[in-house]
Amino acid sequence: MTDPKTDPGREGTRLITTLEKCWAEIKKHHPDVPPVLFITGTGIPRRQVERPSKSTGTRRRRDLVTRGHHWADRWAVADQEQRLAELFVAGETIRDGGEEIVKTLLHEAAHALAHVRNIQDVSRGDPRWHRKEFAQLAREVGLEPPRKSEKPLGFSNCTMTDKTRKRYGPVIRRLDGAALPGLGSSQTDTEDESPTTPPENPTSTSGKRVKVTCGCHPDPRAFPVTPKILAEGPIICGLCGEPFTLPDEDAQAAAGTTEPDTEAEPGSPAAEPVAALPEPRSAEPAESQGLPMRMGH
């Protein structure tokens with residue numbers, strides 16, 4: 001008969017049980033934190049891992065791994081009247097050890113408090129953007145948010161304070177000693193995350209625009225356009241019949257036509273240019289139940 005303590009088939013049970021014990025420890029210090037249902041898996045969308053790079057043919061990985069997320073009222077439990085929130089902890093987080101696990105759980109505990117208190121802690125336009133309200137809740141659970149918002153996730157990237165590290169020191173040591181199963185290894189990370197050679201495309205300027213002019217005299221017509229569009233084929237002026245072309249370098253520099261960056265929160269009109277945010281984990285849309293999924297750091 002297989003010993004349950006050494007049976008490899010019970011590693012998943014041991015993993016979830018350990019996460020549940022950590023959450024119970026957090027609830028001791030923060031009674032308002034609600035119960036959750038734990039799930040785990042990879043924090044990297046499969047399509048992002050397997051789709052090869054066009055320039056090198058090697059596999060690509062997201063620059064930002066979803067460490068965890070809190071999805072309120074996600075699971076129906078037969079013997080409970082209220083639904084349970086889903087709390088996802090990525091296998092990459094578990095691999096990184098006890099302190100990273102505790103920091104992620106505290107991050108999600110801040111989201112859980114936001115739901116309980118009916119606080120809008122993430123942007124309505126993009127739930128990955130963490131607002132100032134989240135920063136306040138993060139401090140409450142023992143994390144230190146960045147001093148100002150950071151692209152592309154706002155105030156998400158928190159650190160653990162020395163006081164919090166000391167408070168959860170026994171939990172962190174138990175997690176490190178448990179040798180929990182995790183996803184990835186240093187070797188695979190090196191292979192997957194090695195920088196790829198950018199494609200030889202001189203027209204790529206990451207969304208910047210340049211000013212082109214036609215041959216009309218004495219007042220040529222002009223408008224901004226991306227180099228990629230300009231490289232696809234000539235744009236002919238309907239008045240003079242001449243193609244729109246780039247002015248000389250001195251004139252282009254003086255024109256200063258590169259579009260300015262934006263610091264506005266996603267979802268607002270001023271934040272429209274922020275279109276290069278990483279895609280969230282592939283999952284059923286949160287709007288199906290009218291509740292946003294709070295994305296982790």
Engineer: Heavy atoms only: give me the nearest I39-W75 pair and the separation to one decimal.
Structural biologist: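 I39 and W75 have their closest heavy atoms at CG2-CZ2, 4.1 Å.
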Engineer: Looking at CG of L106 and CD1 of I101, how far apart are the two atoms once the value is rounded to the nearest 0.5 Å?
Structural biologist: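 Rounded to the nearest 0.5 Å, the CG-CD1 separation comes out at 12.0 Å.
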Engineer: Once you round to the nearest 0.5 Å, how far does CG of L113 lie from NE2 of H70?
Structural biologist: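 One gets 9.0 Å once the value is rounded to the nearest 0.5 Å.
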Engineer: Same cluster for V36 and V33 if Ile/Leu/Val/Met/Phe/Trp/Tyr side chains link at under 4.5 Å?
Structural biologist: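 Yes, it is one cluster - the side chains of V36 and V33 are joined through contacts under 4.5 Å.
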Engineer: Do we see a donor-acceptor contact under 3.5 Å between the side chains of H111 and H69?
Structural biologist: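 H69 and H111 do not have a side-chain donor-acceptor pair below 3.5 Å.
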Engineer: Between F244 and F223, does the ring centre distance come in under 6.0 Å?
Structural biologist: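 Centroid distance F244-F223: below 6.0 Å, so yes.
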Engineer: Salt bridge between K27 and D32, side-chain N to carboxylate O under 4.0 Å?
Structural biologist: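 No.
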Engineer: Which atom names give the shortest non-hydrogen contact between K211 and A222, and what distance separates them?
Structural biologist: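 The pair with the smallest heavy-atom distance is CE-CB, 3.6 Å.
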Engineer: Could you check whether D162 pairs with R165 (Lys NZ or Arg NE/NH1/NH2 to Asp/Glu carboxylate O, under 4.0 Å)?
Structural biologist: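 A salt bridge links D162 with R165.
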Engineer: Please name all residues satisfying side chain to side chain contact (heavy atoms under 4.5 Å, CB included) with T17, sequence neighbours left out, ordered by chain then number.
Structural biologist: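 If we apply the side chain to side chain contact (heavy atoms under 4.5 Å, CB included) test to T17, skipping adjacent residues, the hits are T13, K21.
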Engineer: Minimum heavy-atom separation for T213 and P220, please, with both atom names.
Structural biologist: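 Minimum heavy-atom contact is CB-CB, 4.4 Å.
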Engineer: Once side chain to side chain contact (heavy atoms under 4.5 Å, CB included) is applied, do any residues pair with R167, and if so which ones, sequence neighbours excluded?
Structural biologist: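 For R167, the residues satisfying side chain to side chain contact (heavy atoms under 4.5 Å, CB included) (neighbours in sequence not counted) are H29, H30, K163.
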Engineer: Considering all heavy atoms of both residues, which atom of L137 and which atom of A114 are nearest to each other, and what is their separation?
Structural biologist: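 Result for this residue pair: CD1-CB, 3.5 Å.
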Engineer: May I ask you to decide whether R14 forms a salt bridge with E11, counting only side-chain N to carboxylate O separations under 4.0 Å?
Structural biologist: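 A salt bridge is present here (some side-chain N lies under 4.0 Å from a carboxylate O).
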Engineer: Calculate, to the nearest 0.5 Å, the distance between atoms SG and CZ belonging to C214 and R221 respectively.
Structural biologist: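 Here the rounded value is 6.0 Å.
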Engineer: Linking I/L/V/M/F/W/Y whenever their side-chain heavy atoms sit closer than 4.5 Å, directly or via other members, would F38 and L175 fall into one cluster?
Structural biologist: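 Same hydrophobic cluster.
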Engineer: My understanding is that only residues two or more places apart in sequence, or in another chain, count here; which of them pass salt bridge (Lys or Arg N to Asp or Glu O under 4.0 Å) with E133?
Structural biologist: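 Per chain and number, E133 pairs via salt bridge (Lys or Arg N to Asp or Glu O under 4.0 Å) with R131.
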Engineer: Evaluate C22 against Y168 for side-chain contact (heavy atoms from CB on, under 4.5 Å), listing each step before the verdict.
Structural biologist: CA-CA 9 Å; C22 293; Y168 293 101; over 6 Å; no
Engineer: Please report the C-alpha distance between E100 and K103 in whole Å, then the side-chain angles of each, then the deciding distance to 0.1 Å, and finally whether the salt bridge (Lys or Arg N to Asp or Glu O under 4.0 Å) criterion is met.
Structural biologist: CA-CA 5 Å; E100 190 65 30; K103 184 173 71 172; 3.6 Å; yes
Engineer: Once rounded to the nearest 0.5 Å, what's the spacing between atom CG of L180 and atom CG of L19?
Structural biologist: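 That separation rounds to 7.0 Å.
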